[in-house]
Every structure is written in structure tokens, then in C-alpha cells.
2 protein chains.
Amino acid sequence: MSSKQGYDPSKYPPVAVTVDIVLLTIRDDSLEALLVRRGQEPFKGSYALPGGFVRPDETLADAAARELEEETGARGMHLEQLGTYGDPGRDPRMRVVSAAYLALIPNPPEVTGGSDAEVAEWVPIATFLDASLPESPSLLAFDHRKILRDGVERARAKLEYSGLATAFCGTEFTVGELRRVYEIVWGVDLDARNFHRKVTGTLGFLEPTGEMTTRGGGRPAQLFRRGATQTLNPPILRPTPSVV
Amino acid sequence: MSSKQGYDPSKYPPVAVTVDIVLLTIRDDSLEALLVRRGQEPFKGSYALPGGFVRPDETLADAAARELEEETGARGMHLEQLGTYGDPGRDPRMRVVSAAYLALIPNPPEVTGGSDAEVAEWVPIATFLDASLPESPSLLAFDHRKILRDGVERARAKLEYSGLATAFCGTEFTVGELRRVYEIVWGVDLDARNFHRKVTGTLGFLEPTGEMTTRGGGRPAQLFRRGATQTLNPPILRPTPSVV
DNA sequence: CCAAAAGTGTTGCTTTTACACCCATGA
DNA sequence: TCATGGGTGTAAAAGCAACACTTTTGG
């Protein structure tokens with residue numbers, strides 16, 4: 001900030017500051033994102049990430065949490081900053097600098113008709129990110145395809161060395177359910193036995209509840225909560241994916 | 001952006017968008033950051049990260065690169081976005097949303113008297129980040145201590161699995177010089193022999209120039225350039241540091 | 001009974017770590 | 001000659017991958 005000699009805002013053209021949210025969940029064994037259908041120009045009819053203006057009195061993270069609650073009714077899910085996208089011209093109307101946030105939610109709420117005029121919808125991320133797909137600018141508005149891709153990549157990378165995957169599960173979950181998260185987000189098959197050893201062997205990573213469940217079928221499984229240790233060292237290595 | 005019904009800027013109070021830069025280098029076996037002494041209120045006399053306003057026609061990254069060149073005269077060094085800091089009240093004068101960038105430079109230029117009014121200076125990061133240090137709000141202006149800490153942590157983390165360390169070296173460097181980067185940034189001692197095997201064994205990570213040098217003293221060492229492979233898999237594990 | 005998922009044991013392989021040892025230079 | 005850093009060898013330990021096998025439920 002060394003060169004801020006004056007603070008007359010009229011010297012600088014107006015800039016809008018917004019948040020955009022990559023909200024991911026797992027539905028029907030598929031990694032999906034919450035998107036809204038735009039009801040007006042520009043990009044009318046395209047999907048867009050949910051988001052909105054940052055209010056004068058709130059932090060960027062607060063703005064993201066507020067938008068999330070407006071859109072889903074849910075609070076307290078995992079939320080982290082992803083990056084900021086501010087190229088001139090990314091919004092044709094005016095200069096918009098947008099802080100993107102990555103959010104993860106378990107048990108996705110059915111959203112059709114949030115508080116917003118536009119309709120929110122869960123869409124499989126493969127709809128937009130398949131490598132075979134041509135760049136279809138009319139499908140995702142603005143630079144939101146890039147933001148979505150960055151969000152998915154962040155989530156994939158963090159599964160390796162952190163407890164992020166538990167953010168896709170309810171408060172109590174089985175090792176098998178946690179493994180399904182890895183398999184779906186990475187698009188790979190993992191060896192159930194080695195995975196089990198890995199996560200239960202990392203001290204403090206999973207906290208046993210003492211309860212059992214048979215909700216997955218088969219032999220009853222222990223229920224766990226996320227433990228205090230949220231770093232996996234050594235990490236779970238991501239195999240080369242069979243599917244993108 | 002679902003709730004942007006209108007785009008009348010007057011509906012929203014003015015927001016300034018700036019970039020702040022965590023520029024790191026290695027000088028005298030010490031990890032140092034480029035900081036400026038503030039010549040005016042607020043935080044007059046404190047250190048601050050270099051930075052400035054984003055111009056209407058430039059991207060955030062362009063703004064960061066421009067500020068870097070103004071401050072150091074150097075171009076083309078490593079530059080990546082670190083995160084965005086926008087809490088209300090972080091700047092007492094007005095709402096300022098700042099995109100922070102991490103930059104790394106080898107062979108630090110002597111900076112005293114850049115194009116700016118304020119004086120730039122290389123300062124060891126331990127001056128600000130030592131765990132033993134009390135929170136001294138008058139030392140680093142605004143929330144710049146947090147930004148600096150985030151930048152250093154990003155650099156430390158990325159050494160593990162990427163070729164980022166080469167950004168601290170000139171275009172040609174020896175394995176020993178590269179290892180010194182790791183040791184200084186992490187504050188640990190590494191086994192020179194195992195390190196050598198690791199980096200030379202990762203195919204494509206280092207590209208031999210065919211040249212030798214004796215500039216470190218001792219037996220002549222091969223000179224390398226950074227190779228095409230910029231991911232280390234498996235990573236170099238960071239030992240628990242002996243010094244912060 | 002069978003199918004399905006949980007969980008344990010074992011084996012061979014790769015990687016890491018620690019350290020002995022030799023090499024090539026400058027002083 | 002010695003000190004200094006470069007580089008190879010090697011063996012023990014740790015970690016990983018593959019898979020045989022047992023356990024406990026539901027249907």
C-alpha cells in the first residue's frame with residue numbers, strides 16, 4: 001500500500017466487490033455443485049455460481065456464509081477462501097472483483113426456490129468439467145467455469161493431506177462412507193482394507209463414538225466423528241484417476 | 001452473483017481494491033521480506049507490505065507485477081495469488097479489499113529509494129514471525145503480519161511438493177544451493193546426500209546444463225536448470241523444524 | 001444358504017533414513 | 001597436507017499395495 005497517497009474514491013472508477021461460491025456436495029454417488037440459472041442478461045439462461053455483493057459491514061467470509069444460508073438454509077458447513085477473480089471485463093457491466101469461496105455440505109438440502117429470484121439446482125460437476133467437453137461459453141456464465149474447476153481441484157488436492165473429506169459426511173460416519181467420498185471426488189477405486197488401516201491408524205484423525213451401524217448393509221460398522229488431528233501425514237496418495 | 005439485481009454503484013459505499021505483495025528472498029542465509037517504512041498515518045513509522053491500487057484496465061496479477069517492478073526494478077519473478085483480505089476496518093480510512101500476492105526473487109536487488117516516496121527495505125521474517133514475539137501492532141501495519149505469515153507458510157508448504165524452491169535460485173544452480181534454500185526456508189538441516197538423490201532422481205525435475213562450478217568451495221558441482229517437471233511426487237517431507 | 005460390507009493378517013516391494021565412504025577442488 | 005562440499009553405496013526401518021481370509025449382518 002505504499003503508493004496510496006490519497007483516498008479520494010472519485011479518483012478511481014467504481015469497483016464492485018462480490019463473493020462467488022463453489023458449493024459442493026455428494027448426491028447419488030456423484031460430485032455436484034449448487035448453481036443458479038440466470039434469469040437475466042448477461043448470460044441469461046446460463047448457469048452461474050451463487051453469490052452476491054459484499055455488504056459494507058461484513059467480512060468476505062461473512063458475506064459468503066450469508067449467501068450460502070440464503071441459498072440453502074444451512075449454516076456452519078465448511079467454508080474456505082478459494083481465490084479472487086478480478087480481470088477487467090470478466091463482467092461486461094462493470095469492474096467486478098469477486099472473492100471465490102469453496103464450501104462443502106453433507107446431505108444436500110433439496111433446493112428449488114430459495115430466497116432468490118433465480119432457481120438453484122444441484123448439477124454434477126462432470127457436466128462442466130469433463131475434459132472431452134468443448135469450451136462452451138454459454139453453459140457457465142462469466143469466468144465461473146474456471147472458478148468451479150479451481151474449487152474442485154482444491155477439494156481434490158486437500159483430501160490427500162487433510163480431513164476435508166469429513167465435511168462431505170454427517171457428524172457421524174463409517175470408514176466405508178468416508179472412503180466413498182474419496183472415491184467419488186477423485187473418481188478412483190480405493191482398496192477398502194488399506195484405506196481402513198490408513199485412516200484408523202492415524203492417531204486422533206477419527207474419534208470413535210462407540211456406536212455401530214448397519215446402514216450400509218453387510219457387517220455392522222463403527223461410527224466415527226472427525227477427530228482433532230486434521231492433517232494426514234503421510235498423506236493418502238491419489239491414484240491416477242480412471243475417470244475425470 | 002444471483003442477487004445482483006441492479007448495478008447502480010451509488011447503492012454501495014465505495015470500496016478500494018488494492019494488491020499487497022509478500023516478496024521473499026534469501027539474503028545472508030536468512031529468509032527476508034521486502035517491506036516499506038510508512039511515512040504517513042495511519043501506522044506512520046511501521047513497516048508495511050509493498051502494494052497499491054489496482055488500475056481500471058489491469059488484472060490483479062498485472063497490478064502486483066507492476067508494483068513489484070516499481071519497487072525492485074525486476075520483472076518475471078515467480079508470482080502467485082495468496083488470498084484476499086477484506087475485513088471492514090482493516091484500513092481505518094475506508095473499506096479496502098486487498099488481493100495479496102506471493103512473489104519470490106533470487107539475488108535480491110539492493111533497494112533503497114525505489115520510485116515510491118517510502119523507503120523499501122529487506123527485513124528478516126523472523127523479526128515479525130517468531131513465535132516468542134508478542135503481538136506488536138505497531139511493528140507491521142494493518143493486517144500485514146497475518147498476510148506475511150500466510151505468505152511464508154504458503155512458501156514453506158509448496159517446497160514440499162513443487163519446484164518452488166528454484167524461484168529462490170538463479171537460472172543455474174547446484175544441488176547444494178537448492179538444498180540451502182530448503183534449509184533456510186524451513187529452518188531445518190537436511191541430509192545433503194539423501195537430498196541429492198531425491199532431486200536428481202525425480203526425472204525431469206532438474207535439467208543438467210553440462211557445466212560445473214566450484215563457486216561453493218569444495219569439489220566441483222554440476223549446474224542445473226529447473227526442469228519441466230514441477231511437481232515432486234512423492235514430496236520431500238519437511239522435518240519438524242528446530243527453529244521457527 | 002448367499003451377498004455384501006467390515007475388518008485383520010501377511011507378504012513383497014518401494015521409499016526413506018542414517019551413515020560409511022570416496023572424490024575433487026582450494027588454501 | 002587439510003577442510004570443504006559433491007556424490008555413491010548400503011543396510012535397517014518404515015510405509016505401501018495387493019490380496020487371502022475371517023466376521024457379522026440382511027435377505
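Reminder, nothing fancy here: chain letters follow the sequence lines and each chain counts from 1.
Remark: P of D/dT25 and CE of A/Met212 are 8 Å apart, rounded to the nearest angstrom. Distance, B/Leu232 CG to C/dT15 P: 14 Å, rounded to whole Å. To the nearest angstrom, C1' of C/dT15 lies 15 Å from CG of B/Asp191. D/dG5 atom P lies 9 Å from atom CZ of B/Arg180, rounded to whole Å. When the P atom of D/dC16 is taken as reference, atom CG of A/Leu190 falls 13 Å away, rounded to whole Å. In this entry the distance linking CZ of B/Phe224 with C1' of D/dG6 reads 11 Å, nearest Å. For the pair B/Phe195 CZ and D/dT8 P, the computed distance is 14 Å after rounding to whole Å. A/Lys198 has its NZ atom 8 Å from the P atom of D/dG15, to the nearest Å.
Between B/Arg154 and B/Asp150 there is no salt bridge, since no side-chain nitrogen of the basic residue lies less than 4.0 Å from a carboxylate oxygen of the acidic one. A salt bridge is absent between A/Arg238 and A/Glu183: the closest approach of a Lys/Arg side-chain nitrogen to an acidic carboxylate oxygen does not fall below 4.0 angstrom.
Relative to the six-membered ring of A/Tyr47, A/Arg37 meets both conditions, a distance below 6.0 Å and an angle of at most 45° to the axis.
Proximity of the aromatic rings of B/Phe224 and B/Phe173 is defined here by a centroid distance below 6.0 angstrom, and this criterion is not met.
Nearest nucleotide to the A/Arg197 side chain, out of D/dG7, C/dT10, C/dT15: C/dT10. In the set C/dA18, C/dT16, D/dG7, the nucleotide with an atom closest to the side chain of B/Pro234 is C/dT16. Across C/dT25, C/dG7, D/dT25, the shortest atom-to-atom separation from the side chain of B/Pro220 is found for C/dT25.
The residue among B/Pro235 and B/Arg193 whose nearest nucleotide of DNA chain C is located toward the 5' end is B/Pro235. Place B/Gly216 and A/Gly218 on DNA chain D by their nearest nucleotides, and B/Gly216 ends up nearer the 5' end. Both B/Glu177 and B/Asn194 lie close to DNA chain D; mapped to their nearest nucleotides by heavy-atom distance, the more 5′-ward contact belongs to B/Glu177.
For B/Arg219 against C/dA24, no side-chain N or O and base N or O form a donor-acceptor pair under 3.5 Å.
Residues B/Glu71 and B/Val36 have side chains in contact (heavy-atom distance under 4.5 Å, counting atoms from C-beta outward).
For A/His196, a side-chain nitrogen or oxygen approaches OP1 or OP2 of C/dG7 to under 4.0 Å. Close to C/dG7, at under 4.0 Å from its OP1 or OP2, lies a side-chain N or O of A/Gln222. The shortest distance between the side-chain N/O atoms of B/Arg179 and the OP1/OP2 oxygens of D/dG5 is not below 4.0 Å.
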